[in-house]
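Below is one structure, written out as structure tokens; the observations come after it.
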Amino acid sequence: EHAVRLDGLISASLACTRMSGPLAGVKVVELAGIGPGPFCGMVLADHGADVVVIDRPGPGALPIPEMARRGRRSVVIDLKTERGRDLALGLISGADAMIEGYRPGVAERLGLGPEPCMAANRRLVYGRMTGWGQEGPLRDRAGHDIDYIALAGALGAIGRDKPTPPLNLIGDYGGGGLLLAFGVVAALLEARSTGEGRVVDAAMVDGAALLMAPVYELAGAGLWPGGRGANLLDGGAPFYDTYETADGLFMAVGALEPQFFAELIDRMGLDHEDVPDQYQVSGWPKMRELFAARFAEETRDEWVRRFEGSDACVAPVMSMSEAPDHPHNRQRSVFLEVGGILVPGPAPRFSGVARQAPSPAPKHGEHTEQVLTELGLTPLEISTLRSSGVVR
């Protein structure tokens, strides 16, 4: 009875801190999780979507700060209670999309799988984020970014002496949350024309494999013949690698094309006659020795000055504390202050949309009373829900 009463009262409830952007007016319900799910919600909120995250009661799953939660509001609902599930369905019935990152079957056991949610809202885009996918022999296994990219062939291609985890950028964020965001937006476009929603099955093993597609194509064409760290784009080529400078810092070199390679040699002050042919693999060890010795002669700042205004495709390797202060990043406002710290701002950029900092990550349940009030609940009803532990 109460769920019926909630239907049609949702649009105001999903309004969070207003962000202009191409997704303005899109309403999203996010079932709280870690890693790629929140990253997807962050990306959608960054571009104007109104995102309400349903947090669970109790402490977080990991003893580290929760990340990628900026730009939305938080309501704490106990989804294991019937009343809590009805409140969630009320929110979902007025949303354009929802995202969840549980293991397969968990949302169904909560009564919030695709069937009841899409029965309440036939236009709903239901985004699912998992590591192994909704089907397959590993679907029920636990895992993290490193496991998914290992199975996709990405981890085995990165590093030198042994496979080196590239942070958790490939599985969690690039192949996970970002592709889920793309899938949600693609399905939203379809729903607007057909009136029918769709389930988006975003698996990190799929996404990591997709990000490797160009490398697999190179390998298939015989252009990736070496082992790990011995190929064109993995540090095997001396003109696509990093070099230590006199002050113990590093420069990144990416002079793939012949014209850029020639400028690299000129700016380094080397004699072209002393440098082996760029694409003669047998000469790469000597070339690397020349480059390493030369870069070690000057500091990173001195090299930055040498390559200023150059097309040699050379850049200083910045630490995370240095990157926000680089002149290029400052001029473009690549980093913005959110919650008192500098973090990467929304990307990509859209014409006519002012660049602004998203609102800070909400505290758990910070907006519970506000959201429930907008749902049409009275103060007495909210007090009853709180005292019974359904909301916090």
Side-chain angles (χ1 to χ4, degrees), residues 154 156-167 169-170 174 211-212 214-215 217-219 221-335 344 347:
I158 299 171
R160 286 205 167 102
D161 294 335
K162 68 174 187 174
T164 302
L167 305 181
L169 300 178
I170 295 178
L211 294 178
M212 287 287 289
V215 182
E217 291 172 3
L218 285 173
L223 300 176
W224 200 265
R228 185 173 46 252
N231 301 283
L232 187 64
L233 301 174
D234 62 358
F239 46 85
Y240 199 88
D241 203 354
T242 60
Y243 293 92
E244 188 171 2
T245 57
D247 50 355
L249 301 177
F250 289 87
M251 295 293 289
V253 175
L256 288 170
E257 293 83 356
Q259 68 273 27
F260 301 151
F261 181 79
E263 187 161 352
L264 169 69
I265 303 306
D266 288 338
R267 293 285 181 137
M268 290 179 71
L270 295 174
D271 190 326
H272 285 264
E273 298 297 323
D274 295 333
V275 180
D277 180 79
Q278 180 178 7
Y279 290 105
Q280 184 180 340
V281 177
S282 62
W284 284 2
K286 178 183 177 182
M287 186 188 302
R288 188 181 304 280
E289 288 180 8
L290 286 172
F291 287 3
R294 181 68 185 97
F295 273 107
E297 292 174 359
E298 300 184 31
T299 67
R300 189 184 69 178
D301 286 347
E302 289 171 333
W303 283 114
V304 168
R305 287 191 289 272
R306 273 187 174 271
F307 285 104
E308 188 173 359
S310 161
D311 275 344
C313 303
V314 177
V317 177
M318 312 296 289
S319 69
M320 288 192 294
S321 62
E322 293 175 310
D325 200 42
H326 188 277
H328 183 83
N329 293 336
R330 282 206 316 268
Q331 193 276 329
R332 285 183 57 82
S333 299
V334 173
F335 295 84

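- A distance of 8.5 Å separates CG in L232 from OH in Y240, rounded to the nearest 0.5 Å.
- Not counting sequence neighbours, the partners of D247 by the side chain to side chain donor-acceptor pair (under 3.5 Å) test are T245.
- Under the side chain to side chain contact (heavy atoms under 4.5 Å, CB included) criterion, P238 pairs with Y243, W284, M287, R288, F291, sequence neighbours left out.
- Put simply, the side chain of N231 reaches to within 4.5 Å of the side chain of P225, judged on heavy atoms.
- When every heavy atom of L290 is checked against every heavy atom of P276, the shortest pair comes out as CD1-CD, 4.3 Å.
- Contacts of R332 classified as salt bridge (Lys or Arg N to Asp or Glu O under 4.0 Å), with partners at least two apart in sequence or in another chain: none.
- Pairs of residues two or more places apart, or lying in two chains, that qualify as ring pair (Phe, Tyr, Trp, His ring centres under 6.0 Å) and include a residue from residues 245-271 are F239-F261.
- Scanning all heavy atoms of the two residues, the minimum distance from I158 to A154 falls at CG1-O, 3.3 Å.
- Pairing each heavy atom of L256 with each of Q278, the nearest pair is O-NE2, 2.8 Å.
- Among all heavy-atom pairs drawn from P285 and V281, the shortest one is CD-O, 3.7 Å.
- R300 approaches P316 most closely through the heavy-atom pair CD-CB, 3.8 Å.
- Residues meeting the side chain to side chain contact (heavy atoms under 4.5 Å, CB included) test with V215, sequence neighbours left out: M212, W224.
- Among residues two or more places apart in sequence or in another chain, the side chain to side chain donor-acceptor pair (under 3.5 Å) test is passed with S319 by S321, E322.
- Judged by distance alone, the side chain of D234 and the main-chain N or O of R228 form no donor-acceptor pair under 3.5 Å.
- Summarising the geometry, atom CG belonging to L264 is positioned 9.0 Å from atom SG belonging to C313; distances are rounded to the nearest 0.5 Å.
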Can you check side chain to side chain contact (heavy atoms under 4.5 Å, CB included) on V314 and V253, steps first, answer last?
CA-CA 5 Å; V314 177; V253 175; 4.2 Å; yes

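- Annotation: the span from M251 atom CE to M268 atom CE amounts to 10.0 Å, rounded to 0.5 Å.
- For residues 302-319, the set of pairs meeting the salt bridge (charged side-chain N to carboxylate O under 4.0 Å, His left out) definition, not counting sequence neighbours, comprises E298-R306.
- The nearest pair of heavy atoms linking A312 to A255 is O-CB, 3.5 Å.
- Under the salt bridge (Lys or Arg N to Asp or Glu O under 4.0 Å) criterion, D325 pairs with R330, not counting sequence neighbours.
- In this structure E297 satisfies the salt bridge (Lys or Arg N to Asp or Glu O under 4.0 Å) test together with R294, sequence neighbours excluded.
- Remark: S282 engages Q280 in a side chain to side chain contact (heavy atoms under 4.5 Å, CB included) (not counting sequence neighbours).
- Interatomic distance, D301 CG to W303 CH2, rounded to the nearest 0.5 Å: 13.0 Å.
- The OG1 atom of T299 sits 8.0 Å away from the CG atom of L249 when rounded to the nearest 0.5 Å.
- Residues satisfying the side chain to side chain contact (heavy atoms under 4.5 Å, CB included) criterion with D274, sequence neighbours excluded, are D271.
- Listed by first and then second residue, the salt bridge (charged side-chain N to carboxylate O under 4.0 Å, His left out) pairs involving residues 252-270 are E263-R267 (not counting sequence neighbours).
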